[in-house]
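Each chain gets a letter, A, B and so on, in the order its sequence line appears, and its residues count up from 1.
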Protein chains: 2
Amino acid sequence: MMTKKLTLDDHLPYLLNRAGNLVIQLFSRDLAQWGLTVPMWRILAVLGERGPQRLVDLAVLTSIDVSTLSRTIGSMVRRGFVTRGVAPDNRREVVISLTAEGRKISTKPVPMAVRYEQSLTSGLSAKDLAASKRVLKAVFERLATQAGRSIPDKTPSRKSASRRSSKPPARK
Amino acid sequence: MMTKKLTLDDHLPYLLNRAGNLVIQLFSRDLAQWGLTVPMWRILAVLGERGPQRLVDLAVLTSIDVSTLSRTIGSMVRRGFVTRGVAPDNRREVVISLTAEGRKISTKPVPMAVRYEQSLTSGLSAKDLAASKRVLKAVFERLATQAGRSIPDKTPSRKSASRRSSKPPARK
DNA sequence: CTGCAACAGTTGCGTTTGCAAGTGAATGAT
DNA sequence: ATCATTCACTTGCAAACGCAACTGTTGCAG
């Protein structure tokens with residue numbers, strides 16, 4: 001059987017995975033100066049940008065497993081960055097919101113993050129960069145749908161979308 | 001203080017990290033049918049492409065921590081995929097090589113990997129794709145140097161490069 | 001030669017992870 | 001109204017991870 005040949009250095013998933021890992025490794029070192037971890041930073045950033053979110057939605061938006069997220073949120077509550085509130089119209093939903101403290105700290109790493117991106121991309125063709133962001137977004141979109149997660153609506157309106165579970169009702 | 005505004009969806013590190021995570025998550029599910037994990041697959045692929053490698057070099061090439069790598073190799077030896085040999089000219093170096101069994105299994109996921117990449121990128125502009133790979137490689141290169149890892153030579157010649165440790169001699 | 005520093009790997013250990021099972025709340029069918 | 005199902009979240013548990021400490025080897029000053 002003739003295998004189609006696979007050059008690792010040109011294999012997108014491999015490239016993506018390695019670059020993603022490395023980026024996050026370095027980033028987390030820098031983040032340590034604020035006492036933040038990468039997951040925390042992502043949570044803070046999403047909440048700052050989109051406002052209060054339910055746990056499930058936050059999980060999709062940050063690509064963090066719900067169980068992990070639940071624990072991380074726990075430690076963030078203890079640190080006073082966010083609050084865990086119950087949704088008024090549905091008592092099983094937990095709504096995560098930034099506290100004042102959380103909002104304050106969420107802005108701290110921004111300049112660093114911006115500088116970080118610049119240092120990674122300086123000297124690269126702006127066209128290539130734009131193209132690569134397009135590709136990355138498109139790829140991510142496909143991955144997300146393939147993984148069965150629907151991306152929550154931008155509007156934090158409670159009774160909104162995300163009402164289609166791609167999983168067909170399968171039960172014993 | 002005027003923060004430069006950071007749009008998460010356009011932030012390269014964030015994009016990279018999330019896409020990388022998702023990709024690997026899905027990929028690992030598919031890999032399970034061969035009883036392989038993602039790290040194993042990476043190791044197999046690198047060995048298949050570049051030939052026997054020292055542990056440190058393998059660590060750099062796969063972006064896996066040496067300690068983790070050491071353990072993973074252990075389980076791969078137990079499974080009969082690779083062998084742990086001692087370098088003839090330097091008894092502290094461990095050389096990892098594919099066994100026949102390992103070589104055989106290393107080809108198995110290739111068609112899947114190829115299909116995987118196709119499904120992720122089909123319909124995307126070839127130009128954009130090429131550009132994005134360029135960017136990814138460049139970014140990765142910068143990350144690697146910044147992380148202090150020098151990429152080993154393509155030639156498996158033993159006494160080659162990788163003789164500069166970027167760490168200044170610091171000891172107690 | 002001798003002794004110290006750098007290297008290559010391995011192992012210990014605490015933390016993080018991600019799946020699966022468990023809990024309580026809402027939904028829907030009879 | 002009742003009961004099974006689904007949903008949102010939490011918790012248990014075992015595997016994976018990464019750092020730091022440790023072992024053995026080589027290189028190099030003096």
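Toward the 5′ end of DNA chain C lies the nearest nucleotide of Thr72(A), the other residue of the pair Arg91(A) and Thr72(A) mapping further downstream.
Ion pairing between Asp10(B) and Lys137(A) holds under the 4.0 Å rule for side-chain N and carboxylate O.
In this structure, Asp89(A) atom CG and dA25(C) atom C1' are separated by 13 Å, rounded to whole Å. Rounded to a whole Å, the CZ atom of Arg54(A) is 13 Å from the P atom of dA26(C). Atom CD1 in Ile64(A) sits about 12 Å away from atom C1' in dT16(C), given to the nearest Å. Computed from coordinates, the Leu69(A) CG to dA8(D) P distance equals 14 Å when rounded to whole Å. Distance, Phe27(A) CZ to dG18(D) C1': 20 Å, rounded to whole Å. Gln53(A) places its CD atom 11 Å from the P atom of dC9(D), with the value rounded to the nearest Å. For the pair Glu93(A) CD and dA26(C) P, the interatomic distance rounds to 9 Å; values are reported in whole Å. Ile24(B) places its CD1 atom 15 Å from the P atom of dA16(D), with the value rounded to the nearest Å.
Nearest to the side chain of Leu55(B), among dT10(C), dC19(D), dT10(D), sits dT10(C). Comparing dT17(C), dA8(D), dC19(D) by their nearest atom to the side chain of Arg29(A) picks out dC19(D). Of the candidates dC17(D), dC19(C), dT25(D), the closest approach to any side-chain atom of Ser67(A) belongs to dC19(C). Counting only heavy atoms from C-beta on, Asp65(A) has its side chain closest to dC19(C) among dC9(D), dA8(C), dC19(C).
A continuous path of hydrophobic side-chain contacts links Met112(B) to Ile24(B) [ILVMFWY only; heavy atoms under 4.5 Å].
For the pair Arg71(B) and dA15(D), the criterion of a side-chain N or O lying under 4.0 Å from OP1 or OP2 is not met. At dG9(C), none of the side-chain N or O atoms of Arg92(B) fall inside 4.0 Å of OP1 or OP2 (strictly under the cut-off). Between Arg84(B) and dT10(C), a side-chain N or O to OP1/OP2 separation shorter than 4.0 Å is present. One finds a side-chain N or O of Thr68(B) lying less than 4.0 angstrom from the OP1 or OP2 phosphate oxygen of dG18(D).
A donor-acceptor contact shorter than 3.5 Å is absent between the side chain of Arg84(B) and the backbone of Ile73(B).
Proximity of Pro39(B) to Met76(B): side-chain heavy atoms (C-beta onward) are nowhere separated by under 4.5 Å.
Using modelled atom types and a 3.5 Å distance limit, the side chains of Arg42(A) and Thr62(A) yield no donor-acceptor pair.
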